[in-house]
Amino acid sequence: MGGRQSKSGAPPALLSKPWREMNWGDTQSTLQYLKNYKPLNEGQQLRILLHGPDGAGKSSFINSVQSIFRGRMYVQALADNTSGSSFTKMYTTYKIPKNNSHSFFPFVFNDIMGLEPKNGVLVDDVKLAMRGHMKEGYRFNPESKLSEYDKFYNDTPADNDKVHVLVCVIPADAISRMAEETVQKIRDIRKEASDLRIPQVVIITKIDDICHEISEDLKNVYKVQYVREKMEQFSVDVGIPMNCIFPVKNYKSEISLNNDTDILLLCALKNIINFGEDYVNFRKSQSEFRQK
């Protein structure tokens, strides 16, 4: 399976009814929901870790979300369209400022080096990041993991240093041709997250590149069976359920915002935030139960 064809080899036909319901006019209310989000625990900050192959759109996803919240195009996480290797070299945290710019929304994103079989981030480093042992500014080394003797190793991570949601970012056109080594890395990272009970989400990017009907009208995304097949394939490959997989289109060449692009991104982010909040509250309730 590749290109813009369905499994049968025929061009993707539009279904008469979308296989997933989507309120395309819900952009402003969803954005306001996210802007109003306040964790139940005072001082809590949800940390969202993005991982995936080189060029999947991790940095572009962060920039796209930043753009929606700012109401204009914004580029903070550097993205690269030319290099054949990972453009992200350091462990970096991205915050979204509120209107007064002196305070931030209570969720942050972390971007890491790509998961390529060679010269990609080590699974052990991702595990350390999830547990909160990786400090801001650590430069990834594909040859060796972060040492506990390194100045960027956090001996005593606070809860806000730990990851609360793990997000795997995958381009739609790469699902069928990912190297088995990369898929295995994703499985290994998923197993560690599952052991830690960290919720996991998949973001499928570049959906407009695999289907003309979607590039013409983004509202067709849930009417194209081919997109569903891609999502189901990845769900089977790595074990993440379909209701945790969200197709999106990142901003790349546009110079102004678009409601259809925004709502797909915001819908994914809303679920990410909700899953993270549920995880934090569950851990707190478990801790209180053990103390009784």
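FYI, side chains are in, hydrogens and waters are out, and symmetry mates aren't considered; it's all heavy atoms of this structure. Values in this document were obtained by computation on a predicted structure and should not be read as measured data.
- Counting only distance, with no hydrogens or angles, the side chain of Q200 and the backbone of C168 share no donor-acceptor pair below 3.5 Å.
- Open room surrounds NZ on K145; 12 or fewer heavy atoms of other groups in view lie less than 6.0 Å from it.
- To the nearest 0.5 Å, atom CG of residue L166 and atom CD1 of residue I198 are 7.0 Å apart.
- Although no hydrogens or angles enter the test, the distance criterion places no donor-acceptor pair under 3.5 Å between the side chain of Q66 and the main chain of P97.
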(request) Give the intermediate values and the outcome of side-chain contact (heavy atoms from CB on, under 4.5 Å) for residues V221 and R20. (result) CA-CA 9 Å; V221 61; R20 177 182 280 178; over 6 Å; no
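- One distance of note links NZ of K162 with NE2 of H133; it measures 7.5 Å at 0.5 Å rounding.
- Listed for the D217 side chain is no donor-acceptor partner under 3.5 Å among the backbone atoms of E213.
- Once rounded to the nearest 0.5 Å, the distance linking CG of N63 with NZ of K58 reads 12.5 Å.
- V227 is not listed as a side-chain neighbour of I204, based on a closest heavy-atom distance of 4.5 Å or more.
- Side-chain contact annotation: S176 with K230, donor-acceptor N/O pair under 3.5 Å present.
- When all heavy atoms of A129 and V163 are compared, the closest pair comes out as O-CG2, 3.6 Å.
- At a threshold of 4.5 Å between non-hydrogen side-chain atoms, the residues S215 and D209 do not count as touching.
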(request) Any chance you could lay out the salt bridge (Lys or Arg N to Asp or Glu O under 4.0 Å) test for E181 and K118, step after step, and finish with the verdict? (result) CA-CA 9 Å; E181 295 92 334; K118 296 180 179 179; over 6 Å; no
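- Put simply, V238 and I245 are part of the same group of oily side chains (I, L, V, M, F, W, Y) that touch within less than 4.5 Å, one to the next.
- At least one side-chain heavy atom of D173 sits under 4.5 Å from a side-chain heavy atom of I210.
- Taking 4.5 Å as the limit, every side-chain heavy atom of L128 sits out of range of all side-chain heavy atoms of F152.
- In this pair, F61 and F109 present their aromatic rings perpendicular. The plane angle is above 60°, beyond the 30 to 60° band.
- Across R47 and T93, no two heavy atoms sit closer than the pair NH1-OG1, 3.2 Å.
- Between Q184 and D188 the shortest side-chain heavy-atom distance falls below 4.5 Å.
- Using a 3.5 Å distance cut-off with no hydrogens or angles, the side chains of D150 and S147 do not pair a donor with an acceptor.
- Contact of the V126 side chain with the L49 side chain is registered, since non-hydrogen atoms from C-beta on lie closer than 4.5 Å.
- For H51 (side chain) and I186 (main-chain N/O), no donor-acceptor pair under 3.5 Å exists by modelled atom type.
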(request) Under the side-chain contact (heavy atoms from CB on, under 4.5 Å) rule, what do L265 and V248 come out as? Steps first, then yes or no, please. (result) CA-CA 6 Å; L265 290 160; V248 305; 3.9 Å; yes
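- With hydrogens and angles disregarded, no donor-acceptor distance shorter than 3.5 Å links the side chain of Q44 to the backbone of P106.
- One distance of note links CG of L218 with CD1 of I207; it measures 5.0 Å at 0.5 Å rounding.
- Atom CD1 of I263 sits about 4.5 Å away from atom CE of M22, to the nearest 0.5 Å.
- Cluster annotation: I48 and F105 are assigned to the same hydrophobic cluster (Ile/Leu/Val/Met/Phe/Trp/Tyr, side-chain heavy-atom contacts under 4.5 Å, transitive).
- For the residue pair N154 and Y138, no side-chain donor N or O sits within less than 3.5 Å of a side-chain acceptor on the partner.
- The hydrophobic cluster containing L257 also contains V65, counting ILVMFWY residues as joined when their side-chain heavy atoms lie under 4.5 angstrom apart, directly or transitively.
- To the nearest 0.5 angstrom, L196 atom CG is 9.0 Å from R283 atom CZ.
- No donor-acceptor distance shorter than 3.5 angstrom exists from the side chain of R228 to the backbone of W19, with no hydrogens or angles considered.
- No side-chain heavy atom of R70 sits less than 4.5 Å from a side-chain heavy atom of I96.
- Contact between W24 and K219 at its shortest, heavy atoms only, is CZ2-CA, 3.5 Å.
- Between Y153 and K135, the shortest heavy-atom distance links the atoms O-CE, 3.6 Å.
- N250 and T205 share no donor-acceptor pair across their side chains, judged by distance under 3.5 Å alone.
- By the rule that hydrophobic residues join a cluster once side-chain heavy atoms approach within less than 4.5 Å of another member, F69 and I203 end up as members of one cluster.
- Side chains of D262 and Y251: a donor-acceptor N/O pair is present below 3.5 angstrom, by distance only.
- Taking both residues in full, the closest heavy atoms of I112 and L50 are given as CG1-O, 3.4 Å, listed atom of the first, atom of the second, then distance.
- Counting only heavy atoms from C-beta outward, the side chains of F107 and P39 never approach each other to under 4.5 Å.
- Cluster annotation: Y37 is not connected to V108 through the hydrophobic network of ILVMFWY side chains, with a link wherever side-chain heavy atoms come within less than 4.5 Å.
- Looking at D125, its side chain does come within 3.5 Å of a backbone N or O of L146 through a donor-acceptor pair.
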(message) For C267 and N271: C-alpha separation, side-chain torsions, deciding distance, then whether side-chain contact (heavy atoms from CB on, under 4.5 Å) applies.
(response) CA-CA 6 Å; C267 178; N271 281 276; 3.9 Å; yes
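- At least one donor-acceptor pair closer than 3.5 Å links the side chain of E254 to the backbone N or O of K252.
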(request) Report the C-alpha separation of I170 and M178 in whole Å, then their side-chain angles, then the decisive distance to 0.1 Å, and conclude whether the side-chain contact (heavy atoms from CB on, under 4.5 Å) test is met. (result) CA-CA 10 Å; I170 300 290; M178 266 196 302; 4.0 Å; yes
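- Ring pair F275/F246 is tilted by interplanar angle, where 30° to 60° counts as tilted.
- For K35, the NZ atom is densely surrounded, since the number of other residues' heavy atoms within 6.0 Å is greater than 12.
- L40 and E277 get closest at one heavy-atom pair: N-OE2, 3.2 Å.
- Side-chain N or O atoms of T182 include none that pairs as donor or acceptor with a backbone N or O of E116 at under 3.5 Å.
- For the pair D161 (side chain) and A158 (backbone), a donor-acceptor distance under 3.5 Å is present.
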